[in-house]
Amino acid sequence: MFQRATKFRSKLRLALLGVAGSGKTYTALNIAKHLGSNIAVIDTEHGSASKYADDVASFDVVELTSFHPKRYIEAINAANWVKYDVLIIDSLSHAWNGKDGILEQVDQVGKRGANKFTAWADATPIHQQLIDAILGCRMHVICTMRLKTEYVVEQNERGKQAPRKVGLAPVQRDGLEYEFDVVADLDVHNTLMVSKTRCPALHGVSIPRAGAEIATTLLEWLDQGIDKQALNEPDPASIDPFNDPSPYPYKIERVQACRGCRASVIWIDNLPYNADANGQRTEHLHWEPCPKAHLFRKTKRLTAAQQAERDSVFDN
């Protein structure tokens with residue numbers, strides 16, 4: 001039954017908590033660029049991540065408009081398939097209390113006169129599927145979460161009473177912090193304070209404008225142990241989206257031919273993938289070989305004219 005415990009090399013699961021203005025998105029990107037060069041961002045903050053594009057880090061982004069956990073899971077699976085080094089979920093709070101999030105789903109059931117206990121019985125497994133998708137993917141994952149805030153009045157450096165914004169619990173399900181390797185709070189001065197860690201070197205650490213220093217420490221810790229692949233164990237996260245056994249398999253939205261290079265393109269979750277000679281989707285996104293790649297890279301929001309140009313690239 002019992003056997004000797006073995007430490008395996010692993011991928012990071014980091015949670016960054018902070019009030020508005022604490023620099024959650026900036027810090028996530030600043031750490032991510034030192035964890036790997038190929039970064040994906042799931043943006044729920046109306047394009048806020050793209051404002052840091054190229055200035056802080058280069059990355060690909062998908063902007064969610066519905067925050068149903070299913071949408072998060074689809075994006076996570078897509079990032080797994082493309083084999084990004086780092087995935088940033090900015091933020092995970094919207095899956096809880098955003099549009100189509102867990103709380104809204106439960107409230108809608110209550111408004112129809114149904115028992116909320118029944119609603120939670122349906123919503124809880126959906127939320128757990130999202131957490132399992134985060135924990136099971138083969139990339140480093142950084143999740144940002146908003147903190148519930150309030151103001152306290154205290155004496156400032158000039159001896160006068162002044163209000164100060166403080167963070168309370170994260171806007172997510174109670175106890176979610178236990179799922180992460182490292183949990184850190186960010187104050188209004190963008191100082192990272194580690195509140196929970198499985199990495200001994202980070203116990204009680206406080207770092208202003210965190211980036212390369214904490215990433216290096218984490219990579220050294222994560223690289224300790226045995227490589228699972230060397231033991232010929234299958235990677236549970238290597239799932240073909242077309243044969244995904246999860247409750248939310250991918251669906252092909254449309255197949256079109258690019259006017260720019262005449263390649264056949266398969267669209268999945270608003271991302272264009274190249275097709276092979278048999279018409280099957282490959283793992284390569286169409287922006288890699290296409291001469292009109294600037295229309296597909298989504299590190300910057302497209303203007304209306306660019307969107308129209310992008311739409312005109314394909315035959316219907």
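We count residues from 1, following the sequence as given.
Residue Gln128 qualifies as enclosed at atom CD: its count of foreign heavy atoms under 6.0 Å is above 12. The neighbour count for Asp55 CG, taken as heavy atoms of other residues, nucleotides or ligands under 6.0 Å away, is above 12.
Here the side chains of Lys148 and Val171 are in contact, with some heavy-atom distance below 4.5 Å. In this structure, Arg13 and Glu179 have side chains that are not in contact, with every pair of non-hydrogen atoms separated by 4.5 Å or more. Side-chain contact between Asn30 and Tyr52 is absent, with no heavy-atom pair separated by less than 4.5 Å. Between Asn38 and Lys83 there is no side-chain heavy-atom pair separated by less than 4.5 Å. Using a 4.5 Å cut-off on side-chain heavy atoms (C-beta onward), Thr197 and Val205 make no contact. In this structure, Ile76 and Ile42 have side chains that are in contact, with non-hydrogen atoms separated by less than 4.5 Å. Proximity of Lys33 to Ile39: side-chain heavy atoms (C-beta onward) are separated by under 4.5 Å at one or more points. Here the side chains of Ser91 and Met145 are not in contact, with every heavy-atom distance at 4.5 Å or above.
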| field | side-chain contact (heavy atoms from CB on, under 4.5 Å) between His34 and Thr216, worked out | value | CA-CA 7 Å; His34 298 289; Thr216 300; 5.8 Å; no
| Step by step, would you call Leu176 with Trp96 a side-chain contact (heavy atoms from CB on, under 4.5 Å)? | CA-CA 11 Å; Leu176 183 61; Trp96 184 248; over 6 Å; no
| Is there a side-chain contact (heavy atoms from CB on, under 4.5 Å) between Asp122 and Val109 once you walk through the steps? | CA-CA 10 Å; Asp122 294 333; Val109 172; over 6 Å; no
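To the nearest 0.5 Å, the span separating OG1 on Thr27 from CG on Leu14 amounts to 10.0 Å. Atom CG in Asp85 sits 9.0 Å away from atom CG in Leu35 (nearest 0.5 Å). Between the CD atom of Gln129 and the CD1 atom of Ile73 there is a distance of 5.5 Å, given to the nearest 0.5 Å. Interatomic distance, CD1 of Ile214 versus CG of Leu202, reported as 5.0 Å (0.5 Å rounding). Atom OG1 of residue Thr25 and atom CG of residue Asp43 lie 7.0 Å apart, to the nearest 0.5 angstrom. Distance check: Glu177 CD to Leu17 CG gives 6.5 Å after rounding to the nearest 0.5 Å.
In this structure a side-chain-to-backbone donor-acceptor pair under 3.5 Å is missing from Lys11 to Leu135. Remark: side-chain polar atoms of Gln224 are not paired, donor with acceptor, to backbone N or O of Arg9 under 3.5 angstrom. Although no hydrogens or angles enter the test, the distance criterion places no donor-acceptor pair under 3.5 Å between the side chain of His68 and the main chain of Asp100.
Of all non-hydrogen atoms in Ile102 and Ala123, the two that sit nearest each other are CD1-O, 3.6 Å. Between Pro125 and Trp120, the closest heavy-atom pair is CD-O, 4.3 Å. Closest heavy-atom contact between Leu29 and Ala49: CD1-O, 4.2 Å. Heavy atoms only, all atoms of each residue included: Lys24 and Thr144 are closest at O-CG2, 3.9 Å. Nearest heavy-atom pair across Ala201 and Thr217 is CB-CG2, 3.7 Å. Between Ala210 and Ile31 the shortest heavy-atom distance is O-CG1, 4.0 Å.
Under the side chain to side chain donor-acceptor pair (under 3.5 Å) test applied with Gln172, the options Arg146, His127, His94 reduce to a single match, His127.
The existence of a salt bridge linking Lys51 and Glu45 is excluded, since no basic side-chain nitrogen approaches an acidic carboxylate oxygen closer than 4.0 Å.
Partners of Asp107 under the side chain to side chain donor-acceptor pair (under 3.5 Å) rule, at least two apart in sequence or in another chain, are Lys116.
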